[in-house]
Amino acid sequence: MQKFSALSLARKALGGHLGWTPQWRSVEPKPAYDIVIVGGGGHGLGTAYYLAKQHGLRNIAVIERGWLAGGNTARNTTIIRSNYLFNESSSYYEHSLKLWETLSQELNYNVMFSQRGCLMVAHTVHDVQVFKRHVHANRLNGIDNEWLSAEEAKAFCPPLNISPNIRYPVLGASLQRRAGTARHDAVAWGFARAASDMGVDIIENCEVTGILRGPGGEVRGVETTRGTIRAGKVGVSAAGHSSVVLGMAGVRLPLQSNPLQALVSEPVKPAFPTIVMSNTIHAYISQSDKGEMVIGAGTDSYVSYTQRGGLHIPAHTLEAICELFPMFRRLRMLRSWGGITDNTPDRSPITAKTPVPGLYVNCGWGTGGFKATPGAANLFAWTIAKNEPHPINAPFTIERFRDGVMIDEAAAAAVAH
Amino acid sequence: MLLIRCPYCGERSEIEFANGGEAHIARPADPMSQTDEEWAQYLYMRDNPKGLIAERWRHAHGCNRFFNALRDTRTDRFVMTYEMGRPRPEIDAATLAEAAR
Amino acid sequence: MSDTMQVSRNGFTLVPAADRRRFVLQARPGTLDAAVRALGLAETPAMLAAATGGAVTALRLGPQEFLLLLDPAGAEDSLSALRAGLEGVAHSLVEVSDRQVGLDLSGALVEPALASLTSIDVAGPAFPVGMATRTLLGKADGVLWRTGPDRFRLEIWRSFAPYMSGLLNEAARDAVF
Amino acid sequence: MSQAFRVPGRGRVDSARTVTFTFDGRRFQGQAGDTLASALLANGHHLMGRSFKYHRARGVVSAGSDEPNALVAVGSGPALQTPNLRATQVEVYEGLTAVSQNRFPCLQFDLGAVNTLAAPLLPAGFYYKTFMWPRSFWDRVYEPVIRRAAGLGVAPTAPDPDHYAFQYAHCDVLVAGAGPAGLAAALAAGRSGAQVILADETAEVGGSLLSDRTSRIDGRPAALWVADILAELAALPNVRVLTRCTAFNYGPHNMVALNQRLTEHLADPAPDMPRERLWQVRAKEVVLAAGALERPLVFEGNDRPGVMLASAAQTYLNRYGVACGKRAVIVTADDSAYRVALDLHAAGVTVAAIADLRPAPDSALMRAAQGAGLTVLPGTTIQRAHGSTRVHSVELARLLPDGSVGKGQHWRADLVLMSGGYTPSVHLFSQSRGKLAFDERLGVYIPGESAERERSAGACRGVYALADVLADGAAAGVAAAGAAGFAADAPSWAVDAADAPGRGGYAGALPRRGKGLLAMAFVDFQNDVTAKDVKLAVREGFRSIEHIKRYTTTGMATDQGKMSNVNALGIAADALGRPVEKVGLTTFRPPFTPVTFGAFASHARGDLFDPDRRTPIDPWARAQGAVFEDVSLWRRARYFPRGSEDMEAAVRRECLAVRGGVGIFDASTLGKIEVVGPDAATFMNRMYVNAWTKLGVGKCRYGLMCRENGFVYDDGVVGRIAQDRFHVTTTTGGAPGVLAMMEDYLQTEWPDLDVWLTSTTEEWAVIALQGPSARAVLAPLVDGLDISAEALPHMSLVEGTIGGVPMRLFRVSFTGELGFEINVPARQGRAVWEAIWDAGQAAGITPYGTETMHVLRAEKGYIIVGQETDGTATPDDAGCGWAVSKVKADFVGKRSLVLPAMQAPDRRQLVGLLTEAPWEVLEEGAQLVARPDEAIPMHVLGHVTSSYFSATLGRSIALAMVSGGRARVGETLHVPMEGRTIAVTVTKPVFYDVEGARLNV
Ligand SMILES: Cc1cc2nc3c(=O)[nH]c(=O)nc-3n(C[C@H](O)[C@H](O)[C@H](O)COP(=O)(O)OP(=O)(O)OC[C@H]3O[C@@H](n4cnc5c(N)ncnc54)[C@H](O)[C@@H]3O)c2cc1C
Ligand SMILES: NC(=O)c1ccc[n+]([C@@H]2O[C@H](COP(=O)([O-])OP(=O)(O)OC[C@H]3O[C@@H](n4cnc5c(N)ncnc54)[C@H](O)[C@@H]3O)[C@@H](O)[C@H]2O)c1
Ligand SMILES: Cc1cc2nc3c(=O)[nH]c(=O)nc-3n(C[C@H](O)[C@H](O)[C@H](O)COP(=O)(O)O)c2cc1C
Ligand SMILES: [Zn+2]
């Protein structure tokens, strides 16, 4: 692997940058692998990376139906935080956040993880109760999260409108300082490069169309648009398409795939120092390094695989943005898009074995799995390699729905993203 | 914004409706006789199809009636809507192809 | 509050409507026919249509739902007739006189003003005189009933009235341009 | 210098009306009808902006919405200065102020331009490769520097005072674009009687015809023909023409969004006028007639001010009467540039040379150019353009047969025009999910199969010759009207036009001599993406065009690739060794051009952001100085401070007043549903965990509702008014959800039940009168009704009148005291309230708010759904197991409640907590642990759900959900706070009047 550094950049500059080579090998599929990962998003690529790096496995392929990381990894609002309510979730997300903190160095790829903090603003007495519950729960779990008065929140994020005269005045906010954003594509590319360097085969433009089973029902490999690929184990990390892929093995999942939209403004000079989320009035905003305001809109209500939704959804979010940040009313929407999110009934993910031997699934990340990318990948790799979950992801099974042990962050009035 | 044909009111824009998830998932007549597994299938497991879906909508800001729809989730094109209680209609191949287009 | 609400702009006027007693009548379609007979209306209004006769107007808002607007003067007679006519037949009759308020909207700009609030087509050909439907206006439900070429009756739950007249006030202001 | 480059007699600007404006503080003059760009050019001023990354000096390249360089901020002051507007779209008016962006200290001299020197170190994606060490430097040093350098304009810092309009519209035919194709389509459809909306993003309809001096239609100059058509359209009542109105979003099922700019071009808009209007148009049929965009050429120095599109120069000349320079060199791959050359020549601009990339170009136009004495250099390319803030010369060189480039020759020029051919504007078509098809003949993508009820016409589908365009537009109009049910005849016109644009074209970087390691040939001007960046991306394995876009940022600028995409594609195809049609395009996404946030928000701001629901008694509460809280859409009085009381003091007083005398509370926001029909009880049995069959008429019962997953969803008192009629109450926030859930089961699971639901939330004003003196206050008012304990015991109801007003009187209590809830028709609510108020004066009647209500019910251990429960609590967890019928075979949620996990002994259960120190009030949300000295992460047993100071008890109380809580009564647990730990004793959740003696009086 060509090492990335200011020095290598300078050296290559002398040669007009002609000396760089592909960051990952995009290859033809081999007939067989030990492990096939379906889905080349951040989660899938990361899984391959950790399988190779931490479990010493090398004969691995990541199969991606389109261009690498062109799914939700390419289209999320990049909010990274770990201040979830329940122990199960907060340990999972915190595991991930810790990995984020050294990811650039580990991958030798600057993923631009920027810990600028995440403010979750409270507008009602109920919000205040819920957020304080989070703050206390997080503190006892060793996860930073603090309560700010409205004035303190404004000091942290000057554009915030804390006038008591707006329809839903800001009553305060919780702040996780270690929360932040990252350059979404870079995460996937960095994982791809590092995995590829360790021998993982990355196969693009190859859609999995079937799952091969042995006589005992166990997994034997996958059918793809580029032929049959045998494998002893198959890990599915297909986000919005999880139901489709698992359906090939006859496994039904508790998932619904909905459009989730986002948008960016035209770029402006730094005007927004942090991330602000308001669940009550549905606004999610941060400013990217390039200068756009990156704004998350809501979920369209119906199942769709179109990667687009109705304009009223982003419009609704922009109403909230304009209320909370009335000086941004004259900014303009530059581009909007949609992704396909795979939502579980309890809004928590599944990282687990399936009823089919040798078939594993990491899905249900819905509207909030970008932050989990390194963590989920790391634990999914563990689960596949050892054929049993790591203690952190052990609760995140499919069976929890049968057994009634949901991890219901949504019901606990926590939120997505 | 989708255009949805309410069987009672005609075509209206999506914001007048509430989506009710997959259709034709009948509540078991005797829930208590269900195994945990069966109950979970009823409550949570979904086809979530990429392709033709039978789904429920409620004309929440109109006549307030639930009804069913067939729609292709790859294109969001509706094949038809029909009253609650009617069985899922069979759709011919040409219509399906048109919806997938 | 709502009772004194008024908007008066170029091409658009909003005033509280004349007082009516209101009932939601729900029943199976056959029963609705019986109700129509009892109320002395000429025929059962089709979906999204209104029928008026004597002191009674019935707006057909759903396959099993009428909104009845009764002139207070003749209301008790109509109600007794209705109750008698539906005696022993499954139905639901619930008084909602105070649940909602009526607003009369009129003027040359009434269509564009409403078009700023509702996604349905309120233009004459699509929404003829006599049509009535529940719809979403801004973020609140309302029943819209066209009572004349340039005139609508809007029925909304009372707490939404200030919001609705506020929105219509702005919509009418903008409709000029 | 005053408009030295204005060409008298040319253009459509009003030569009689001069306007003065400022740019970067300098005063300029232009004519009414100018854009900022044309006015600056009229003054010989090309430098209008600085680029994103290298801060290179940039002039205007285009004359339309595809402009990537000339971005300016318009207006002044912290609220109104609007960043990133295109000078090509900004119309000048008297007093307009505009400033340039992304430069320091000024546009002429920008320190940031040193980045150009460092450019070799800053290739595409350089930031992924560096800035990683030391780790902490990223947040503190590198990132802030990157952020400051990036970003274009400056966001306003004060609230936008303008307002924005919104409108739905419905039409038979929507035509997007009003060039010849769109006008013809609109006319054809309009004549048929169809409802037509025609929208164009510019100030005037006519499109390319407004820049066309030579074509004749029916013998009339093109611009006059436009006026004729417009006049006819204006006279048709069924046609609406919208200018300054961009179709920007083509959504599902023919919903097209338009953004109309109403005031931006006005010096003095009427104060009431909305700044913009957003239209959501549901069209039966759509005609796309958005035209085509000219492509720039990619060569070294192609970004120098003075280098621009040939068609732009033509537009500036013919539409605005401005010559963009004195001495032009034209480089083209398409015949259309010869028309530009002839027009410039005729206007007195020296056309030094026309370099044609094609080895043997031949057309009537070219020959006309030669005939006019212009130098045509076939098979010639441009090597580079020289200059810094303005181009001064270029180097042209022969393209040799072997593909190499010959020796260069310098040409002096202050204007360099490029024409790389035309790209059809397929944005809207593509947004509609229509499939693009690659047209071999034109070498571009054009609309293929439509996905919506839509058709494209004219240049946006590669039809360029004016006669064909008109016929195409007319045919599209006929087809659209026909599909919408209107019979139309295609109008036809005789065209006399010599132009034949669009037959040539070039995509990619021009060939050059030598490696040019330091050369910068720009593909995406705004984002400073060079041809080398694109090649580097491919070299580094970014082989998909989507990857190339994301790695280099090409096409991600504010023009969204209008100027750059096809050239980037050409370079990528070249580097990949694949034909362009095998590489494909990136996804077109809305909006077509940027749209103001405020236009989306429209009326939803301030008081109208959301409905602000108030009860009938609200004016009284406001007059009393109540403090309010938001509960769903409602505002509820939270407490009624007297004098300088704070909430704590007021609540103590209110609590004591209720327990000691009588309090009055506005409970009108409670949701109410009337459940009516012969099967009402059956339905209630299925929906609620409780049993209803035996509830007598005139009795009430606390009802608890689960979702099918077994968790508590809502609660409320239910009264049986008649055998077949229940008066159901719900929580304030839960009302819509409960009704929707009931309808769901009723309509989809049990349609056989004869029962109907009606929301009566707002029919009734509800006045809660609570306290030992409640009966004494109420009895005289209820028109002879017997409300004694015997006649109206706890949990019963009666219908009657109060002061002649019909009433449903519930004897219920959420406070633990003798209590009544008086339901009266909403209109009478205030009067009845005031009557009770007056009657209660002697008893010291006290109004109380939601906060006191919360304290009083907590003293009694009554839960609040959403506070004690959070969507993960079963009835039993919440201490309401008693409410669950043991005999019913089924109810919503029953099956889930028997899952093993739902019965686990360590589930969190409702308990009470008492602190050691009576004055210590726990924080709601605080956590409970058994071992306070445990290291983090601690083993948490539960959390505090409600916590208050109880004036009645003279101490603090709290409710909590605690793992296995009921078995822990008597145990000491700990609440670890920041810096200290509070010990608490677990108790039963009822703190006051455990036996309920006070209720049954
Ligand atoms: C608009 C939006 C905003 C969001 N905002 C946030 C946020 O702020 N914070 C946050 O934490 N999360 C956010 N998310 C969620 C987050 O993006 C996802 O949870 C996360 O990126 C999922 O990563 P992934 O690698 O699992 O999925 P993806 O990146 O979607 O990868 C799955 C891959 O599987 C491939 N695939 C599917 N089927 C097949 C097949 N049959 N064969 C081969 N390959 C297949 C797909 O092409 C895709 O590339 C957001 C999502 C969206 C859409
Ligand atoms: N200058 C040239 O040499 C040249 C090149 C190509 C085509 N043409 C000529 O152009 C004409 C083609 O006519 P046409 O009507 O197809 O195109 P046109 O360019 O004349 O008109 C397109 C119109 O659409 C508008 N528009 C584009 N996108 C829009 C949007 N999203 N919303 C609202 N308005 C939008 C533009 O403002 C423009 O007025 C022919 O006469 C042809 O000869 C000329
Ligand atoms: C965090 C983030 C920032 C983005 N910034 C820009 C931007 O500055 N300019 C732009 O054109 N698109 C931007 N995009 C959107 C992408 O262009 C693209 O729309 C998105 O990745 C979805 O892909 P698709 O539109 O090709 O389907 C951004 C996307 C994300 C997730
Ligand atoms: Zn309907």
Side-chain angles (χ1 to χ4, degrees), chain A residues 4-6 9-10 13 16-17 20 22-24 67 70 104-105 109-110 114-115 124-125 129 132-133 136-137 140-142 167-168 185-186 266-271 289-291 310-311 315 318-319 321-323 326-337 403-405 408 411-413, chain D residues 82-84 120-121 123 126-132 143 146-147 150-160 249 251 257 517 536 539-541 544 546-547 550 558 589-591 594-598 600-601 604 609-610 629-630 870-872 899 901-902 924-927 936-938 940 943:
Chain A
F4 287 165
S5 68
L9 201 57
H17 295 288
W20 295 108
Q23 297 193 2
W24 68 83
W67 43 283
S104 293
Q105 288 70 27
Y109 207 100
N110 190 350
S114 168
Q115 292 180 287
T124 64
V125 175
Q129 289 164 342
K132 285 195 173 170
R133 182 178 170 199
H136 288 293
L140 301 194
N141 270 327
R167 179 68 186 79
Y168 295 107
D185 296 323
E266 293 178 305
V268 287
K269 292 290 176 194
D289 285 340
K290 259 179 68 211
L311 187 65
L318 288 172
E319 291 169 6
I321 296 289
C322 289
E323 252 339 71
M327 68 289 288
F328 293 162
R329 241 177 232 144
R330 283 177 113 83
L331 293 187
R332 301 192 295 174
M333 177 200 279
L334 171 62
R335 186 176 175 98
S336 65
W337 63 92
D403 299 339
V405 281
D408 206 333
Chain D
T82 312
N84 298 339
L121 292 174
F126 70 97
Y127 28 77
Y128 302 127
K129 296 181 172 133
T130 178
F131 302 138
M132 284 175 276
E143 191 184 36
I146 292 178
R147 298 190 106 202
L152 292 167
V154 176
T157 53
D160 180 359
N249 180 317
L517 285 186
L536 172 65
R539 195 175 301 132
E540 291 199 78
S544 155
E546 295 285 3
H547 281 147
R550 286 163 173 81
T558 60
R589 289 282 192 184
V595 178
T596 309
F597 284 3
F600 289 99
F609 177 76
D610 247 359
E629 70 165 323
D630 284 298
D870 63 3
T872 66
L899 293 172
M902 303 294 247
E924 286 167 355
Q927 306 287 302
I936 280 172
M938 298 178 89
V940 171
H943 73 285

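Computed from a predicted structure; not experimentally measured. The chains referred to below are lettered A, B, ... by the order of the sequence lines, with proteins before strands, and numbering in each begins at 1.
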Side chain from CB out, backbone as N, CA, C, O: work out which of these in D/Asn249 comes under 4.5 Å of a heavy atom of chain A, or both, or neither. side chain
Can you tell which part of D/Leu536 gets under 4.5 Å to a heavy atom of chain A, answering side chain, backbone, both or neither? side chain
Treating A/Arg329 as the side-chain partner and D/Ala601 as the backbone partner, does any N or O pair qualify as donor plus acceptor under 3.5 Å? no
For D/Glu924, all residues meeting side-chain hydrogen bond (donor to acceptor under 3.5 Å, both in side chains), sequence neighbours excluded: A/Gln129
Are D/Met132 and A/Phe4 side-chain neighbours, meaning at least one heavy-atom pair lies under 4.5 Å? yes
Tell me, for D/Ile936 versus chain A, whether the close heavy atoms (under 4.5 Å) come from the side chain, the backbone, both or neither. both
Side-chain touch A/Glu319/D/Phe609, heavy atoms, less than 4.5 angstrom: yes
Qualifying residues under side-chain hydrogen bond (donor to acceptor under 3.5 Å, both in side chains), relative to A/Ser104, sequence neighbours excluded: none
Can we say A/Arg167 and D/Asp610 salt-bridge, meaning some charged N sits less than 4.0 Å from an Asp/Glu carboxylate O? no
Output, in order, the C-alpha distance, side-chain angles, deciding distance and verdict of side-chain hydrogen bond (donor to acceptor under 3.5 Å, both in side chains) for A/Ser114 and D/Glu143. CA-CA 8 Å; A/Ser114 168; D/Glu143 191 184 36; 2.7 Å; yes
Engaged part of D/Ser544 at the chain A interface, taking heavy atoms whose separation is under 4.5 Å: side chain
Is any side-chain heavy atom of D/Arg550 less than 4.5 Å from a side-chain heavy atom of A/Trp67? yes
Would you check if A/Pro22 and D/Glu540 make a side-chain contact, meaning some heavy-atom pair closer than 4.5 Å? no
Tell me, for D/Thr558 versus chain A, whether the close heavy atoms (under 4.5 Å) come from the side chain, the backbone, both or neither. both
